[in-house]
Amino acid sequence: MGGRHRTDELEGDFNPQHEPPPRRRSGPGKVFVPLAGAVALAVLCGVAAYVVVNKDPQCGEAGNDAGEKIGLTVVASPDIQPAVQKVAGKFAKSGKKVDGKCVTVTVKAAESADVANAITGSGPTKAQAEDKSGADADVWIPDSKLWTTGLPTDGTAKLAGNAARSPVVLTTSKSGAEKLRSAFSPASWTGLMSAANAANPDGLARKVRVLALDPTQNAAGLGALLAGASVLKAGGGSEELLVGVLRQLSESTVPSPDNLFATLTKTTARIPVGVASEQAVWSFNTKTSPSSPAVALYPTEGTVSLDYPIVIRAKAGAVRKAAAAFAAELTSASGKKTVQDYGFRTPDGKGGGLLKPENGVSAKKPAEIKLPDQSSIDKLAQAWRQIKLGTRMLGLIDISGTMAEPADSTGVSRMKAITETSIEGLKLFPDKTEIGIWAFSDNLQGPGVDWKPVISIGPLAQQVNGVTRRDRIIQAMQRTQAIPTGNTGLNDTLWAAYQKMTKEYQPDKVNTILLFTDGVGNDDPNGGIENKEIIQKLKQAYDPKRPVSILIVSFNTTQDDDRAQMAAIAKATGGAAYFPQTVLEVRDIFLKGIARRLCAPNCGGSAQ
């Protein structure tokens, strides 16, 4: 009974909020304390008894379940999350305290774009309904400072150094790297951008297929665009050239690095080349043991790097101090060694022993390309979004008698020049583009109806009677001939087309009328809409919130009055008029037309 009573007494007396009971003496020189009972309990209950009775535990393994703690939530880019988790484990075992309290660190992974969008409200997130994609984290470690530009400037977001670094590289399979040497060597942004130029499909693009990571979701994808654009600009490249590259890359994006590497390993006619972080190449090779490893190719012009900024967002005093302490751990010598163990470089660019050729990478520090200013970054990102917009276009082809006349000194007719360059220009448009064709002269569908639908508007890839719309357009253009006695019912045709496109306006697309004609302008003996009247009608119908723009390609237009009229028509709808004198000039006009979407709907009319 006495032993049992003793145990009950100890359980009743123990209270961590009060002073321990006084020592008991049993005879001279003998001291009995409650700890003796605790030792007995320890035999039965194991180490738990030690945890309970230890009033002042350290913050290591023994103290994790005792006393009040500071909870710290860290959200990191998925690629660096395992390394951050490793550092957090060491931090928890170090016994370090903040304001006398232990710190527990929870590390979660979330895509940097999702967190940035959740914090700034600038876009959708994949996990917003669950946890706001890490928007409430005390510490955020995105893969690049490119995501931090929209953070609050009220002091609630504090940069506390960088956790790691990883250059953006070109990448292909090991076998692809061997083949690539014959296409362009050494590896360069210049070569990559040339291969991705939609305006030159018969050039390097015939040998190399460029894969892109969506720059709105992936910092390596955006970094590659910035590096490539910087190199193009430094080399005197035009905006049309950049537009051609963006157009091509917008149709060859892959959703993630995993998809990128899976595509690189496939055997194809063209050599697949992508962009990724150096660490992603290392991780793919070391974590998946692929039969066809990836190889990092370092551009000769240099590159940009992912820099993994440590952003402290904790507001409360103790939690903010804990966040600063953890940031210091990440940037310590031990933290730097840990990130190197996961295939990253230290913030100053030093690679560890794991960055070696056997893993598809090199520890040698590549040259750096400085990121452009924020305005340039925003402009390029906006250009990408605009280029990604779908296109809905109605082409108007003049088949009046004057279209049979020579286009230039080569003797080729205006009709043939326009049809051939139109077929060539069609290559610039992806399969999802919606295009239709009307022909016009005069009285094509009876008195006063000067136009005739040839191909209905729809996706180029859509099959009509077993033939894609793209092929049907090509076939129709090849058969098109000028009507020797035909007049040019231009204004009536334009107005009918504009009414159709306005009525069928689609907000997720760039809605355009593309007019091919020659220098005669409106020539309708049956009357119809006058020149001043068509301009007035278009001005009244144009809605900048639902813009339908007219782009005009007018061959051999030399008369000032004709040029002024065409320019006025285009300006009334925020479009543009072009007046080529040779066949070669028409090729560039297609890219200029695509480039205009970068400023739509506020481009303003122009004549070129």
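These values consider heavy atoms only, across backbone and side chains, with no hydrogens, waters or symmetry-generated copies.
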Checking I369 against V231 for the side chain to side chain contact (heavy atoms under 4.5 Å, CB included) test, could you report, in this order, the C-alpha distance in whole Å, the side-chain angles of both residues, the deciding distance, and whether it holds? CA-CA 9 Å; I369 291 179; V231 170; 4.2 Å; yes
Side-chain heavy atoms of L514 within contact of L394, under 4.5 Å: no
Kindly say whether T190 contributes a backbone atom to a donor-acceptor pair with the side chain of S194 at under 3.5 angstrom? no
Where the side chain of S376 meets the backbone of P372, is there a donor-acceptor pair that is under 3.5 Å apart? no
We want to know whether S332 and S334 form a side-chain donor-acceptor pair, criterion being a heavy-atom distance below 3.5 angstrom. no
Does A205 offer a backbone N or O that forms a donor-acceptor pair with the side chain of R270 under 3.5 Å? yes
Is the backbone of V295 close enough, under 3.5 Å, to the side chain of T171 for a donor and an acceptor to pair up by distance? yes
Worked check of side-chain hydrogen bond (donor to acceptor under 3.5 Å, both in side chains) between D378 and Q374: CA-CA 6 Å; D378 292 342; Q374 190 57 47; 2.8 Å; yes
For a quick check under 3.5 Å, do S256 and D258 share a side-chain donor-acceptor pair by atom type? no
Is it true that atom CZ of R209 has more than 12 heavy atoms of other residues, nucleotides or ligands lying nearer than 6.0 Å? no
Could you please spell out the steps behind the side-chain hydrogen bond (donor to acceptor under 3.5 Å, both in side chains) verdict for T346 and D348? CA-CA 5 Å; T346 58; D348 59 1; 2.3 Å; yes
CG/D341 to NZ/K336 distance, rounded to the nearest 0.5 angstrom? 14.5 Å
State which residue, out of K365, K364, E278, fulfils the side chain to side chain donor-acceptor pair (under 3.5 Å) condition with Y298. E278
Looking only at non-hydrogen atoms, find the nearest pair between T104 and G71 and report the distance. OG1-CA, 3.4 Å
State plainly whether the residues E434 and K509 are in salt-bridge range, i.e. N to O under 4.0 Å. yes
Starting at CG of N511, measure out to CE of M393 and round the result to the nearest 0.5 Å. 11.5 Å
Side chain proximity check, R313 to K158, heavy atoms < 4.5 angstrom: no
Grab the two heavy atoms, one from A296 and one from V281, that are nearest each other, plus how far apart they are. N-CG1, 3.9 Å
Give, for atom CG of L180 and atom CG of L170, the distance between the pair rounded to the nearest 0.5 Å. 8.5 Å
Run the side-chain hydrogen bond (donor to acceptor under 3.5 Å, both in side chains) test on T468 and Q462 for me, step by step, so that the C-alpha distance in whole Å, both residues' side-chain angles and the decisive distance to 0.1 Å come before the verdict. CA-CA 5 Å; T468 66; Q462 185 180 47; over 6 Å; no
Run the numbers on T73 and D136 for side chain to side chain contact (heavy atoms under 4.5 Å, CB included), then give the verdict. CA-CA 9 Å; T73 301; D136 294 332; over 6 Å; no
For residues L72 and T106, determine if any side-chain heavy atom of one lies less than 4.5 Å from a side-chain heavy atom of the other. no
Tell me whether T331 contacts the main-chain N or O of A327 through its side chain, where contact means a donor paired with an acceptor under 3.5 Å. yes
Minimum-distance pair of heavy atoms, taken over all atoms of S175 and S292: OG-OG, 4.4 Å
Counting distance only, does the side-chain N/O of N117 pair as donor-acceptor with the main-chain N or O of A113 below 3.5 Å? yes
Candidate pair R165 and L306, rule side chain to side chain contact (heavy atoms under 4.5 Å, CB included), full reasoning: CA-CA 6 Å; R165 197 171 191 84; L306 306 185; over 6 Å; no
Within a strict 4.5 Å, meaning less than it, do heavy atoms of the F326 and V98 side chains meet? no
Check whether any side-chain heavy atom of L460 lies under 4.5 Å from a side-chain heavy atom of L426, and answer yes or no. yes
Pick out which of S112, P142, S166 makes a side-chain contact (heavy atoms from CB on, under 4.5 Å) with Y308. S166
Among K86, Q85, K90, which residue meets the side chain to side chain donor-acceptor pair (under 3.5 Å) test with T338? K90
Donor-acceptor pair, T172 side chain versus P272 backbone, under 3.5 Å? yes
For the residue pair Q279 and D79, establish whether any side-chain heavy-atom pair is separated by less than 4.5 Å. yes
Residues N285 and G360: closest non-hydrogen pair is ND2-CA, 3.7 Å
Close side-chain approach of T512 and L551, heavy atoms under 4.5 Å: yes
Using a strict threshold of under 4.0 Å (side-chain N to carboxylate O), is an ion pair present between R470 and D431? yes
If you count heavy atoms of other groups shown closer than 6.0 angstrom to NZ of K337, is the number above 12? no
Go through the steps to decide whether T253 and L213 satisfy the test side chain to side chain contact (heavy atoms under 4.5 Å, CB included), and finish with yes or no. CA-CA 5 Å; T253 55; L213 292 169; over 6 Å; no
Check whether the side chains of S305 and E368 place a donor and an acceptor atom closer than 3.5 Å, and report yes or no. yes
Taking C-beta and beyond as the side chain, do I141 and V311 meet within less than 4.5 Å on heavy atoms? no
For the atom pair CD1 (I271) and CZ (F184), what is the distance rounded to the nearest 0.5 Å? 8.5 Å
Say whether, by atom type as modelled, one donor and one acceptor occur between the side chain of E301 and the main chain of W189 under 3.5 angstrom. yes
Is there a donor-acceptor pair under 3.5 Å between the side chain of N162 and the backbone N or O of D307? yes
Can you tell me how far CD1 of I312 sits from CG of L159, rounded to the nearest 0.5 angstrom? 9.0 Å
Between Y342 and W282, the two heavy atoms sitting closest are O-CZ3, 3.1 Å
State the OG1-CD1 distance between T391 and I435, to the nearest 0.5 angstrom. 7.5 Å
Specify the closest pair of heavy atoms between A314 and V319, including all atoms of both residues, with the distance to one decimal. CB-CG1, 3.6 Å
With A280 via side-chain contact (heavy atoms from CB on, under 4.5 Å) - residues at least two apart: F261, A276, S277
Does the D373 side chain pair with the main chain of S375, one donor and one acceptor, at a distance under 3.5 Å? yes
Any chance you could lay out the side-chain hydrogen bond (donor to acceptor under 3.5 Å, both in side chains) test for S77 and E111, step after step, and finish with the verdict? CA-CA 6 Å; S77 176; E111 296 292 346; 5.5 Å; no
